[in-house]
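Step one of this worksheet: look at the structure below.
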Amino acid sequence: MSLSRIETSLPRPFDSERSQHGFDRWLALSEKPAFDHMADRIGKIAAEKTGQEILAALFGNSPYLGSLALREPETVCMAFDDGLDAAFAFALSDVAHAANAAGTDQATAMMLVRRAKRRAALLIAIADIAGQWDLAKVTDAISETAETTLNFALAHCLSATAKLRGFTLPHPEDPLRDCGIFAIGMGKLGARELNYSSDIDLIFLYDGDAMTWLEPDRIQQVLVRVVRDVTRVMEERTGDGYVFRTDLRLRPDPGSTPPIISALAAETYYETVGQNWERAAMIKARIVAGDYPAGNAFLDMLRPFVWRKHLDFLAIQDIHSIKRQINAHKGGSTVTVAGHNIKLGRGGIREIEFFAQTQQLIWGGREMSLRGRATCDTLRALTDFGQISAQVRDEMIAAYGFLRTVEHRLQMINDQQTQTLPDTDDGLAALACFMGYDSCPLFRDDMIRYLRLVESHYADLFEDDTPLGGTDGNLVFTGTEDDPDTLANLRQMGFENAENVSSTVRGWHHGRYRATRSRRAREILTELMPALLTALSETANPDMAFRAFDEFLRGLPAGVQLFSLLTANRDLLRLLAQIAGTAPRMAKYLGRNARVLDYVLMSGFHDRMPDADAMYDELDGLLSQADMVEDWLDIARRWANDQKFQIDVQTIQNRQTPHQAGRALADIADVSIRALFPRIASDFARRHGHFDQGGLAVFALGKHGGQELSPRSDLDMVFVYDVPEGVEESDGEKPLSPGHYFIRLSQRYINALSAPTAEGVLFETDLRLRPSGSKGPLACHVKSFETYQNDEAWTWEHMALTRLRAVYGPEALRRRVIAATRKVLRKQRDPDKLLRDVYDMRNRMTAGKGSDHPWDIKMRRGGLVDLEFIAQYLQLRHAHEYRGILSPTTRSVFRRLGKAGILDAEEAAFLAESGAFWLAIQAMLRLTTEGRFDPENASTDLRRMLARAGHCENFGDLEAKLDATAARIKSVYDRLITDPAEKLAADEKAD
């Protein structure tokens, strides 16, 4: 759109005298012979209202822009006639194709890039002042100008140096193509957020194998000359001005490295000694000149350095340290207006950028949507991710837009690289006028409001000085002997064996464990020690908690990240102390898998688990980011173990019922199968093909089938397949018969679940409940399954079949197997044979695995097995008459039995609740103990947790409830099974 037709309120001229002088000089241009061809256009712009306002805004507020307008009237005329976009494209047209620089002499090249910058700067300023381009387009245009001119300068210098120094470019006519040299744009250039008078931060790297060198040993020396020539072309001031100031100090170890180094040297540096501030800087990194494919390949290689898999809260401390150094050097420790640095001062642009970048470093390794370069886009992504509220996002974006606009106006005045507000009333009034304010007080008010908003949000993230914990006494663990005051203080904190605590901690500081071998780990651990010992002392048995934490620490492969995490999160430290004091099994697991603690800090960790569909969408999205089997397995294990750890924590904190926990664990297993197995099948089919119809279906049995999984439960599964009649083999490169095909695919499925990888095991599996047990094939044909269940299966196998549930596979096949299963379960049976089989089966289990220990929840008489036998027996006994009683979930079965009148309603409710009771106690014991639970040696905390899980006031009440529940279940079992079976046996013996 032509500037003549805009309807925007423009800033009035602050200096009317200077504005009038500028108008006089503008009109005088039309009388100069050099501008005869545009004299009418010059006069027309000065005569129309919009032209007058734009020129007045330039001449009356910015000596620099006024001088540009007078030097480049053709650019102004083009903006009015053809529109800003067309004029901007024309401004860069002479340098838009870097290949054109190959035959250009240096004087011409320098003139072209300066003229392009001059014209672009004038147009961008007019577009900004006139409100025709928003902030994003303004900063993008400045960045495009820098990138375009830099490529032209590099192409010219590289071509000239190749001719002079005797090396051959792959494409002399297009010097940058495949040259192996590239420039990484850092900071605002990388993010396309350059300010109006910005430096450009660059890192130059090269691949020495990309060119043919006459003297390979001089490659470094020659390329250093190229880079120095480029920086001179870009920043040397001539009669045509300058292009951009360049800053090369962000390269690896700038104090001891040349301006350009090899990509291999840079890779080695970042992998070995790269710092967190360098990771923060690399968030915005983008290839801006040279060989783009080579540069992008380097950035792809660098991605693991920037975006770490595990959360790294040490980054917060490092980046905040940088911020404090900036304040110390630059001032700006309070929110003011006059003389305030709107970039580095309190509430300034840097705080908004650090607010976003730090959270990117922390969460971006796990969440790809947070890896953007642009600040405002990152703030929006952080809201979508749930890390900041919509209000914080909107306020920070508004403040960013305001402060960046003020920054641009400041720099437009005299083309100075400044972010400092004027320190005089007159200077502030001039800036307020250039910003479009009618009065300076209104500008001051808005400035204070935005600075304080940013300061407040930044302080919430960075400046929480609440100590993690500590005591008033000594906690000294240096030297070789115990400090007497430290021992006294440890005893006062509640540690009975203070000498053991003291000597053990000294061992940590001596680097006796892998986690404490690095100096940084020991430094952080020293700072953390008061809070750690305080948290452990607040458990019911501090000495046991300390021993468990020591075991946890012994298993850690490294300590810096974890110690940093605990330093930044007191709640997490308390949780770890709780686990150490009450759940040593979980503590040992954490020692091997400390990264799951990262997951605790994700938003919603303590909320109720999402449903299976939401879980599937999440895991499927993660798996879609990889295309190799090994990566799929690691991703699935990492995801599932995170989810299981969340359930475990919620279980020990009594945040969910046993039914909810069991259902959630089963959902995790189901989702893992549903998301992982299709990919395994597709990978398998690449070599062996597939079958057009039919397929392989997966069915759950046992607690998995009943959606009552406990921690560490195996997955009982059955694999059933079907293929069309007459099909003898698959259609792949290496075809297999149906039996071999699906048996091998089933083995792949099992390995996908149970094979250990670097991320551990997904689930242990148990296929002994398949037809013919361990002697049968891993997968059976659907007809064989039907025949076996109807003609060959034992009663105990039909008992197990009551808990069969379809998990994955072709829908038609799943329906067929479920229908066949229900038909088998609903057939009328010989009640006497059924009774004898159930009774004999339970007795064999008692003889082989029986236990009279009161805390053997599963096998004790009246425990889970008796409860499940009652449910399964009654289903097989009555399903032919009461079809609705079938369910894979034990609790649901008892409710249905009560509703059908097979059991008394009150008794059915008791049995259903007893199942929940046993599962709650079993889950808690599996999480907290190893081996047989001994109540005599259990900590007070663990006793309290078990009592709470069993809905009892205290541990004594829980022990009484255990015995009472088991006794009543046993009496029901005896009434329904034992007594009739023994009477039947006696009658048969009598006969």
Side-chain angles (χ1 to χ4, degrees), residues 3 29 34-35 37-38 41 64-65 67-127 133 137-138 140-163 169 171-177 179 183 185 189 192 194 196-198 200 202 226 229-246 288-290 292 415:
L3 277 176
L29 291 175
F35 301 118
H37 63 289
M38 64 177 72
R41 296 160 69 193
Y64 169 66
L65 294 177
S67 67
L68 284 186
L70 294 172
R71 185 167 184 175
E72 297 289 344
E74 187 173 8
T75 299
V76 178
C77 291
M78 182 174 286
F80 274 88
D81 294 343
D82 302 330
L84 289 161
D85 289 344
F88 179 71
F90 178 77
L92 298 181
S93 59
D94 288 340
V95 296
H97 301 289
N100 293 340
T104 308
D105 62 81
Q106 187 173 80
T108 301
M110 292 181 70
M111 182 275 294
L112 289 175
V113 291
R114 278 156 179 74
R115 185 174 66 185
K117 162 64 185 304
R118 189 170 63 240
R119 291 173 172 176
L122 176 59
L123 287 165
I124 294 166
I126 292 173
W133 289 358
K137 189 167 183 178
V138 167
D140 186 76
I142 301 171
S143 304
E144 182 181 348
T145 302
E147 188 169 352
T148 302
T149 53
L150 179 64
N151 273 285
F152 195 87
L154 178 59
H156 161 72
C157 293
L158 188 59
S159 177
T161 306
K163 295 175 184 177
L169 293 168
H171 305 279
E173 76 288 352
D174 187 1
L176 301 186
R177 182 180 169 195
C179 68
L189 175 58
R192 298 184 183 272
L194 277 184
Y196 195 77
S197 185
S198 178
I200 53 175
L202 301 171
V226 170
D229 286 346
V230 170
T231 58
R232 186 169 64 86
V233 169
M234 293 295 289
E235 65 184 15
E236 184 177 282
R237 289 184 180 269
T238 70
D240 291 309
Y242 73 103
V243 192
F244 284 92
R245 293 173 295 270
T246 59
V288 294
Y292 280 72
D415 189 30

Please step through side chain to side chain donor-acceptor pair (under 3.5 Å) for the pair Thr108 and Asp105, ending with a clear verdict. CA-CA 5 Å; Thr108 301; Asp105 62 81; 2.9 Å; yes
Give me the atom names and distance for the closest heavy-atom approach of Asn151 to Gly290. OD1-N, 3.1 Å
Can you tell me how far the CD1 atom of Ile142 sits from the OG atom of Ser198, to the nearest 0.5 Å? 8.0 Å
Verify, without hydrogens or angle tests, whether Asn100 (side chain) and Val95 (backbone) share a donor-acceptor contact under 3.5 angstrom. no
Kindly check if the number of other-residue, nucleotide or ligand heavy atoms within 6.0 Å of NE2 (His171) is above 12? yes
Within a strict 4.5 Å, meaning less than it, do heavy atoms of the Asp415 and Tyr242 side chains meet? yes
Name every donor-acceptor pair, under 3.5 Å, that has one atom in a side chain of residues 111-124 and the other anywhere in the protein, sequence neighbours excluded.
unit_1: Arg114; atom_1: NE; unit_2: Glu236; atom_2: O; d: 3.3
unit_1: Arg114; atom_1: NE; unit_2: Gly241; atom_2: O; d: 3.0
unit_1: Arg114; atom_1: NH1; unit_2: Met110; atom_2: O; d: 3.3
unit_1: Arg114; atom_1: NH1; unit_2: Val233; atom_2: O; d: 2.7
unit_1: Arg114; atom_1: NH2; unit_2: Val233; atom_2: O; d: 2.8
unit_1: Arg114; atom_1: NH2; unit_2: Glu236; atom_2: O; d: 2.5
unit_1: Arg115; atom_1: NH2; unit_2: Asp94; atom_2: OD2; d: 2.4
unit_1: Lys117; atom_1: NZ; unit_2: Val243; atom_2: O; d: 2.6
unit_1: Arg118; atom_1: NE; unit_2: Glu72; atom_2: OE2; d: 2.9
unit_1: Arg118; atom_1: NH1; unit_2: Asp240; atom_2: O; d: 3.2
unit_1: Arg118; atom_1: NH2; unit_2: Glu72; atom_2: OE2; d: 2.9
unit_1: Arg119; atom_1: NE; unit_2: Glu72; atom_2: OE1; d: 3.1

Are Ile200 and Arg245 side-chain neighbours, meaning at least one heavy-atom pair lies under 4.5 Å? no
Do Leu202 and Leu189 come within less than 4.5 Å of each other through their side chains, counting heavy atoms only? yes
With rounding to the nearest 0.5 angstrom, report the CZ to CH2 distance, Phe88 to Trp133. 5.5 Å
Output the distance between atom CG (Asp81) and atom CE (Met38), rounded to the nearest 0.5 Å. 10.0 Å
Tightest non-hydrogen contact, residues Asp174 and Ala99, listed as OD1-CB, 3.6 Å
Spacing of Arg41 atom CZ and Leu29 atom CG [to the nearest 0.5 Å]: 13.0 Å
What's the verdict on side chain to side chain contact (heavy atoms under 4.5 Å, CB included) for Phe152 and Leu176, showing C-alpha distance, side-chain angles and the deciding distance? CA-CA 9 Å; Phe152 195 87; Leu176 301 186; over 6 Å; no
Atom pairs and distances, side-chain donor-acceptor, residues 153-163, under 3.5 Å, sequence neighbours left out:
unit_1: His156; atom_1: ND1; unit_2: Thr104; atom_2: O; d: 2.9
unit_1: Ser159; atom_1: OG; unit_2: Ala102; atom_2: O; d: 3.1
unit_1: Thr161; atom_1: OG1; unit_2: Cys157; atom_2: O; d: 2.7

Is the shortest heavy-atom distance from the side chain of Thr231 to the side chain of Phe244 under 4.5 Å? no
Give me the atom names and distance for the closest heavy-atom approach of Pro172 to Leu169. CD-O, 3.5 Å
Can you tell me how far the CG atom of Leu84 sits from the CE atom of Met78, to the nearest 0.5 Å? 11.5 Å
Sidechain-backbone polar pair: Thr149 side chain, Ala146 backbone, donor-acceptor under 3.5 Å: yes
Working to the nearest 0.5 Å, report the span between CD of Glu147 and CG of Leu194. 10.0 Å
